[in-house]
Amino acid sequence: MNLEEYPITLTLKDGLHVTIRPMTASDGPALLEFFRSLPEEDRQFLREDVTQQEVVARFVANLDYDTVLPLLAINEGKIVGDATLHRTHRGWSSHVGEIRVVVARAFQRNGLGTTLAKYLVRHAISVGLDKMVGEVIDNQVGARRAFERLGFHPEAVLKGHVKDIHGMKRDLVILANDVSHIWEKMEAMVADFSPTFGG
Ligand SMILES: CC(C)(COP(=O)(O)OP(=O)(O)OC[C@H]1O[C@@H](n2cnc3c(N)ncnc32)[C@H](O)[C@@H]1OP(=O)(O)O)[C@@H](O)C(=O)NCCC(=O)NCCS
């Protein structure tokens with residue numbers, strides 16, 4: 001697994017600096033603070049109640065990059081983005097990885113979500129995954145666009161599969177990408193808004 005390149009420091013479109021690196025066991029308190037700062041709407045897809053200390057404590061206690069690789073984006077000591085690559089090692093979908101990304105509101109629309117997803121896709125390719133998926137609720141226009149900018153496309157819709165924060169049943173859209181070809185395509189697609197690298 002090629003994680004030696006981290007930490008990576010980069011400058012976002014609006015000039016803010018962030019450092020990207022895998023989560024470590026000492027990130028628990030900062031991660032909890034990050035999750036608690038998110039609007040409910042932005043963390044609903046995370047499936048567990050990440051505002052609970054015991055949930056976050058479990059994440060950091062059970063770190064296993066081969067199964068879940070969490071990349072954090074950090075600005076001035078605070079976590080401002082979290083992106084995870086989920087894999088299973090057995091069964092008929094062991095060639096598939098799932099990506100989940102969440103970025104603090106103040107840092108959105110700056111290329112950070114795309115950049116985090118791009119690093120995870122690159123990692124997925126390096127560990128031999130063939131296919132990536134991302135799940136969004138039908139009305140999450142921003143999330144869907146961010147995935148589509150990386151070449152993901154809607155592959156399935158599960159009707160009424162999730163309840164949103166208002167208890168309303170919504171369609172779950174599964175976006176997919178064949179990553180055996182994605183990296184080359186992605187470089188071209190994000191070239192116009194890739195952040196510049198700092199020290
Ligand atoms: C989805 C998410 C991670 C995107 O993060 P981000 O840092 O804003 O993403 P980017 O800046 O890389 O945006 C990439 C593109 O997505 C689109 N986009 C992002 N947010 C958008 C919004 N609110 N409305 C419309 N388009 C949006 C834009 O096309 C944008 O590019 P542009 O602003 O240069 O035109 C962020 O909105 C988020 O954390 N949402 C809540 C969590 C979530 O829904 N995660 C997805 C499920 S895994």
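Any value given below was found using the heavy atoms of this structure, including those in side chains, with hydrogens, waters and symmetry copies removed. Atoms within a ligand are numbered from 1 in the order they appear, just like the ligands themselves.
At a heavy-atom cutoff of 4.0 Å, ligand 1 is contacted by the side chain of Lys13 but not by its backbone. The part of Arg149 lying near ligand 1 is the side chain, judged by heavy-atom distances below 4.0 Å. For Asn110, every heavy-atom contact with ligand 1 shorter than 4.0 Å involves the backbone, none the side chain.
The number of heavy-atom neighbours closer than 6.0 Å to CD of Glu76, taken from other residues, nucleotides and ligands shown, is 12 or below. Around the CD atom of Gln52, the shell of radius 6.0 Å holds more than 12 heavy atoms that belong to other residues, nucleotides or ligands.
Across Asp42 and Val102, no two heavy atoms sit closer than the pair O-CG2, 3.5 Å.
Of the N or O atoms in Val101, one or more lie within a sub-3.5 Å distance of an N or O in ligand 1. In terms of polar-atom proximity, Thr114 is counted as a contact of ligand 1, with an N or O under 3.5 Å from an N or O of the ligand. Of the N or O atoms in Val102, none lie within a sub-3.5 Å distance of an N or O in ligand 1. Considering backbone and side-chain N/O atoms, Val141 never comes within less than 3.5 Å of an N/O atom of ligand 1. No N or O atom of Val136 sits closer than 3.5 Å to an N or O atom of ligand 1.
When each of Leu71, Ile99, Thr67 is checked for a side chain to side chain contact (heavy atoms under 4.5 Å, CB included) with Leu85, only Ile99 meets the rule.
Leu38 and Ile137 fall into different hydrophobic clusters, defined by Ile, Leu, Val, Met, Phe, Trp and Tyr side-chain heavy atoms under 4.5 Å apart, directly or through other members.
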Which atom pairs, one a donor and one an acceptor, fall under 3.5 Å between side chains of residues 88-95 and the rest of the protein, sequence neighbours left out?
residue: His89; atom: NE2; partner: Asp66; partner atom: O; Å: 2.7
residue: Ser94; atom: OG; partner: Gly91; partner atom: O; Å: 3.4

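Contact atoms of ligand 1 toward Gln140: 43 (C), 44 (O) (distance under 4.0 Å to a heavy atom of the residue).
At least one heavy atom of Gly111 sits less than 4.0 Å from an atom of ligand 1.
The residue from Arg145, Glu98, Arg109 that puts a heavy atom closest to atom 22 (C) of ligand 1 is Arg109.
Residues satisfying the ring-ring contact (aromatic ring centres under 6.0 Å, His included) criterion with Phe34, sequence neighbours excluded, are absent altogether.
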